[in-house]
There are 2 protein chains.
Amino acid sequence: MQISSRFTLAVHIITCMDTFKNDYKVTSDFLASSTNVNPVIIRRLLGQLKTAGLVEVARGSGGASVARPLDEITFLDIYKAVECVECGELFHFHENPNNKCPVGRNIHNILDDKLNRVQQAMENELSSITIADVIKDLDKYLV
Amino acid sequence: MQISSRFTLAVHIITCMDTFKNDYKVTSDFLASSTNVNPVIIRRLLGQLKTAGLVEVARGSGGASVARPLDEITFLDIYKAVECVECGELFHFHENPNNKCPVGRNIHNILDDKLNRVQQAMENELSSITIADVIKDLDKYLV
DNA sequence: TTCTGTTGTAACCATTGACAGTACAATGGG
DNA sequence: CCCATTGTACTGTCAATGGTTACAACAGAA
């Protein structure tokens, strides 16, 4: 199973928002054009990013902008903003194991800390990468 | 999005296979009873684990057994066995970004190595945990 | 050989989440 | 008051998951 394309899509549009902030009004249609994704999808995504405090969106007049310094927007921030975090857990348990079985009774407890370590490892790495890194790499391609 | 419950389910049944190997014939029905999951689901899962060389399943006579020393079965082995690996990539890209846009044209390249680092971090942690660790923890609960 | 319990699979169904697309009311600057 | 734009409701398609029934293939035991 894969992490939904909302994540890479979000990185893409935030990068766009910064890259084109001086030359264009960055609307959902503008972003839809760069990503080749339906404008409504973009708006919904912007809504999630706004809720997370990562971007600002102008109702009425239109246009979205980044709400923080680029090096303070980590991939983890974006990941948590766009992936269903109320689920929170990366790993999914089969519910209702048999309590009469010693394995079924304890498997959840035993796995919990181990799987948390895995999730932590992933999140640590995610938090070490920021949009500033993306912009820096992008500049190389634009030379 | 979550990693499918096949993963935790697989850890569960492999743990069962070892725990009960001396006292029971470990059939798909037996495993279904401990996990509270349909026997057919178990058989399909056993098929994947067998293909990966982690377990052996006896046709006809019935019963499944672990095919390797427990400390040589890592969570990564199991993860790769049961998660669609032909996909391979943890992160999913929106396809067809606009090549006329400098961001759309380069975003995939820019993100690839960064996201690979994240995936690597997760897989490293997964490969550091083995079924032997699970069994060791289980023993504590059984005292 | 026949009987028996089991595996491997096919076929089908229900549910869920992702992503797409249409439509339109609400918004706020010009 | 316009008008471009956002926010959101509703509908639809598609793929993956997990469940269930059914049954042929299998291998050991009687």
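Excluded from the calculations below are hydrogen atoms, water molecules and symmetry mates; all remaining heavy atoms, backbone and side chain alike, are included. Labels below follow one simple rule: chain letters A, B, ... track the order of the sequence lines, proteins then strands, and each chain is numbered from 1.
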For DNA chain D, the residues among residues 7-29 of chain A that have a non-hydrogen atom under 4.0 Å from it: K25(A), T27(A), S28(A)

The complete set of salt bridge (charged side-chain N to carboxylate O under 4.0 Å, His left out) pairs with one or both residues in residues 23-49 of chain B, sequence neighbours excluded, reads none

Might you list the N or O atoms of the protein lying below 3.5 Å from N or O atoms in nucleotides 24-30 of chain D, with each pair's distance?
unit_1  : atom_1 : unit_2 : atom_2 : d
dA25(D) : N3     : R59(B) : NH2    : 3.4

Pairs under 3.5 angstrom only: tabulate donor-acceptor contacts from the side chains of residues 48-63 of chain B to other protein residues two or more places apart or in another chain.
unit_1 : atom_1 : unit_2 : atom_2 : d
T51(B) : OG1    : G47(B) : O      : 2.9

Name all residues meeting the side chain to side chain contact (heavy atoms under 4.5 Å, CB included) criterion together with A121(A); count only those two or more places apart in sequence or in a different chain, and write none if there are none. E125(B)

Does a side-chain heavy-atom distance below 4.5 Å link I42(B) with T27(B)? no

With N124(A) via side chain to side chain contact (heavy atoms under 4.5 Å, CB included) - residues at least two apart: Q120(A)

Between Y79(A) and M122(A), is there a side-chain heavy-atom distance shorter than 4.5 Å? yes

So, do E72(A) and T130(A) sit near enough that their side-chain heavy atoms are less than 4.5 Å apart? no

Less than 4.5 Å apart, any side-chain heavy atom of T35(A) and any of L9(A)? yes

On the nucleotide dT6(D), are OP1 or OP2 found under 4.0 Å from the side-chain N or O atoms that K50(A) carries? no

Please report, rounded to the nearest Å, how far the P atom of dA4(D) is from the CZ atom of F30(A). 18 Å

Mind jotting down which residue pairs meet the salt bridge (charged side-chain N to carboxylate O under 4.0 Å, His left out) criterion with at least one end in residues 3-19 of chain B? Sequence neighbours excluded, please. D18(B)-K21(B)

L31(B) CG to dG18(D) P: how many Å, rounded? 17 Å

Can you name the residues that form a ring pair (Phe, Tyr, Trp, His ring centres under 6.0 Å) with F30(A), not counting sequence neighbours? F20(A), Y24(A)

dT9(C) C1' sits how many Å from L45(B) CG, rounded? 15 Å

Acceptor/donor pairs from residues 134-143 of chain B side chains to any protein atom, 3.5 angstrom cut, sequence neighbours excluded:
unit_1  : atom_1 : unit_2  : atom_2 : d
D137(B) : OD1    : K140(B) : NZ     : 3.3
D137(B) : OD2    : K114(A) : NZ     : 2.6

Given side chains that start at C-beta, do those of H12(B) and V37(B) come closer than 4.5 Å, heavy atoms only? no

Quick check on contacts: within residues 36-44 of chain A, what sits under 4.0 Å from DNA chain D by heavy-atom distance? V40(A), R43(A), R44(A)

Residues pairing under side chain to side chain donor-acceptor pair (under 3.5 Å) where one sits in residues 101-113 of chain B, two or more places apart or in two chains, turn out to be H108(B)-D112(B)

Close N/O contacts between protein and nucleotides 12-17 of chain D (under 3.5 Å):
unit_1  : atom_1 : unit_2 : atom_2 : d
dT17(D) : OP1    : R6(B)  : NH2    : 3.2

Figure out the CG/P separation between L46(A) and dT6(D), and round it to whole Å. 8 Å

